[in-house]
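One structure is given below, encoded as C-alpha cells.
Just follow the structure's listing: the first ligand is 1, and inside any ligand the first atom is 1.
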Amino acid sequence: MKKTFYITTPIYYASGKPHIGHSFTTLYADVLARYQKIKGKDVFFSTGMDEHGSKIAQVAKDNKKEPQDFVDEVSEDYKKLWEALGIKYSDFIRTTSEKHKKSVYSLMKKLKESGDIYSDYYEGLYCVGCESFILERNLVDDLCPDHLTKPQKVKEKNYFFNLKKYLPSLKKIIENNELKIVPESRKNEILNIIDSDIDNFSITREQVKWGIPFPLDKSQTIYVWVEALMNYLTILDFPDGENYKKFWPANIQIVGAEINKFHSIFWPAILLAIKLPLPEKIFVHGLFTVNGQKMSKTLKNVINPFSMIDKFGKGSIGRDATRYLLLSQFSAFEHGDIKESEFITKYNSDLANGVGNLAERVFSMINKFKKGTVKNGKDIDKKIQEFLEQTEKEYEKNMENLNLFEALQCVFLFMKSIDKYIDSKKPWEMHKNKDKELDVVLNSVFFAVEKIAQWLEPFMPSKIEELKKHILEIEKGKIKPDFKLNLFPRIDV
Ligand code: MSP
C-alpha cells in the first residue's frame, strides 16, 4: 500500500480578498504536496476558509451583506485564486458548511466527555482583529500591537477548557519531539509560553452570534478559533470518514508565525483531551513584509496576486512565474522581505535567461549538431555527474526539511554551472573540429536539463510539463528541426 501524506494550510478568514501572504502559505503547501506525490506518496492536501466570528460579521455588515452571502463571495475569490496559481488541493473546507458543523459536534461531544469543560465568567479585554482575548500587559499604548486597535471590554459567561491540566504532558511531548515544532526558534517560543503564565481558555462566546451554536448551551456559540482548528479533522469527515481513517494524524501543518500559539498549544491540548493522535510536525514559517513594510491597506502596498500573475504573462507563464518569485525571495525559517521592484529582474535572470534559456540552448545544439537526438543518456561527463549527485542530495535534504528557498538555490547554482560548462566546452567548435567528445558534452547537458526539470516540477508544474514534453521528443528523436523553445519570454523593462 502507498504511504500516505497529509499536509494542511491554515484556513483563511473570509473577511476580504486574498493577498500574497495567503498565497505564500498555500503555495508552500502545494509545492510540498506535489513533491511528496512525485515521491509516490498518497497525498491529501487541505485548505479552506474560516468563516465565523465577530470580525467577519462586522465586515459583512459594513458591506451591507448578510454574513453568509458575504463569506460565499469571499470563498469564491479564494478558490479562483488557487486555480489561477495552480494550487491542487484535495479538498476545500468551509466552516459554514454542514460537513464541518457535523464533525465539530462530534468533536465537542468528545471534549465534553473529557470532563475538562466548565462554565465561568470572563471579564477582560477582547481584540476583534485577533479574535482572541488579550491581556492588559500585552497592550502597547492601550492598543493591540498587531492590529493597532483598542480592545473591547467584555464580561460574559463562557465555557472554559482546562488547558492547564495538559500543559505538563504537552511540554514533554514538545521537548522530546513527539510533536515537532520547526524551526527550533518557534519550538522555544512555545516552550517559553508554556513556562510563563498561560491560562485556561474559553471555548464559547456569549456575545458572538455569527458562529456554530454550542450544543450544551444555546446561549453560546463555539469560539471561532476552536472550531477553526477542528477543520483539520472535519475536512477528513471525522469521525467515520475513510479519509480520516486514512490520513490522520497530519504529517505537516503549515502556519504563519503569528498563529503558532493556537496551533502548537491549544490545538494539541484539545487533541490530548479528546485522545486523538497529535500531528507529526508543525511548520511555522516567517511572515514577510513588502518593500520593508507590513502589508496594509492604508499603506497601499498590498500586492494583489491576480495582478501579479497577469503582469508576467498569460496562462501558465504568469502562474509559474508568480509561484517561483514568491517562493524564491527569502528563507521561510525567518521573517523576510519581498522586494517588488526586483520581481522583473529576477524573472528575467532566473526564468527567462536561466531555466528557459538553458533548455533552449541545449535543445538547439542537439538539433543543430546531432539532428535532434541524444546518443546515450548514460554517457555523462564525470564532473557533471558528481555535481549532479551532490545537488540532488542537497535538494532532497532541503525539500524534506521544508526549506524551499534553499532547495531552489541549489538547483539554480547547478544550472549556472551547466551554463559555464557549455561556455567552456564550446560545443559549436567541437562540432566544427569533429571532436569525439561532443556526444558526451551534449549528453551531459541534456541529462542536466532533465534533472533540473524534475527538481523544479513542484515549483512550476505547468511550464515543466511543457519542457518535459520536449525532452521526451528528443529522447524519441522526434523533435522538429526548426523547433524553438520559448518557456519564459524576456520582459523588457
Ligand atoms: N483564520 C485564521 C487561521 C485559522 S487556522 C485554524 C487566520 N487567518 S488569516 O486569514 O489571517 O491567515 C493567516 C495566515 O496567512 C498566516 O498564518 C500565514 O500563513 C498567511 N499570511 C498572511 N500574511 C502573511 C505574510 N505577510 N507573510 C506570510 N504569510 C502570511 O489567521
Inset, instruction - Applying ring-ring contact (aromatic ring centres under 6.0 Å, His included), run through Y324 and F459 and close with a yes or a no. - result: CA-CA 6 Å; Y324 172 73; F459 293 88; 7.8 Å; no
Legend entry - Of the listed options G53, G21, G16, S15, closest to atom 24 (C) of ligand 1 (non-hydrogen atoms):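 Minimum heavy-atom distance to atom 24 (C) of ligand 1 goes to G21.
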Looking only at heavy atoms of [X], does any of them come nearer than 4.0 Å to an atom of ligand 1?
| X | result |
| --- | --- |
| K294 | no |
| F262 | no |
| W225 | yes |
| H19 | yes |

For ligand 1, which atoms have a heavy atom of [X] less than 4.0 angstrom away?
| X | answer |
| --- | --- |
| D50 | 1 (N), 2 (C), 4 (C) |
| P10 | 5 (S), 19 (O) |
| H263 | 5 (S), 6 (C) |
| H22 | 10 (O), 12 (O), 15 (O) |

Check: [X] N/O within less than 3.5 Å of ligand 1 N/O:
| X | result |
| --- | --- |
| N231 | no |
| G256 | yes |
| T25 | yes |

Inset, instruction - For ligand 1, indicate whether the residue L287 contacts it via side chain, backbone, both or neither (heavy-atom separation under 4.0 Å). - result: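 It is both parts that get close, each with some atom under 4.0 Å.
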Inset, instruction - Quick one: look at M295 and ligand 1, take heavy-atom pairs under 4.0 Å, and tell me if it's side chain, backbone, both or neither. - result: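 Near ligand 1, M295 shows its side chain, while the N, CA, C and O stay back.
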Side-chain ion pair, [X] and [Y], N-O less than 4.0 Å:
| X | Y | result |
| --- | --- | --- |
| K102 | D237 | no |
| E206 | K157 | no |
| E394 | K397 | no |

Legend entry - Flag, side chain of S264 to backbone of K261, donor-acceptor distance under 3.5 Å: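 No; zero donor-acceptor contacts below 3.5 Å.
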Legend entry - D50 side-chain N/O to T95 backbone N/O, donor-acceptor pair under 3.5 Å: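 The answer is no, because no donor-acceptor pair under 3.5 Å joins these two groups.
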Could you tell me the residue and atom name of the protein heavy atom closest to [atom], and the distance to it rounded to 0.1 Å?
| atom | value |
| --- | --- |
| atom 2 (C) of ligand 1 | I11 O, 3.5 Å |
| atom 10 (O) of ligand 1 | Y13 N, 3.0 Å |
| atom 12 (O) of ligand 1 | Y12 CD2, 3.5 Å |
| atom 29 (N) of ligand 1 | H285 CE1, 3.3 Å |
| atom 26 (N) of ligand 1 | F288 O, 3.0 Å |
| atom 16 (C) of ligand 1 | E258 OE2, 3.1 Å |

Legend entry - Y35: which of E400, E457, K41 passes side chain to side chain donor-acceptor pair (under 3.5 Å):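 It is E400; the other options fail the test.
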Legend entry - Face-on cation placement of K79 at F92 ring, 6.0 Å and 45° thresholds: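 Flagged: K79 positioned over aromatic ring of F92.
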Inset, instruction - Could you tell me whether K311 sits above the aromatic face of F343, with NZ or CZ closer than 6.0 angstrom to the six-membered ring centre and within 45 degrees of the axis? - result: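 No; the conditions do not both hold, so K311 does not lie above the ring face of F343.
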Inset, instruction - Step through the shown structure and confirm whether more than 12 heavy atoms of other residues, nucleotides or ligands are within 6.0 Å of NZ on K172. - result: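 No, not enclosed.
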Legend entry - Exceeds 12 heavy-atom contacts within 6.0 angstrom, atom CD of Q58: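 Yes, CD of Q58 has more than 12 neighbouring heavy atoms, counting only those of other groups under 6.0 Å.
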Legend entry - Among Y78, Y13, F288, Y28, the one residue meeting ring pair (Phe, Tyr, Trp, His ring centres under 6.0 Å) with H22: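 That would be Y78.
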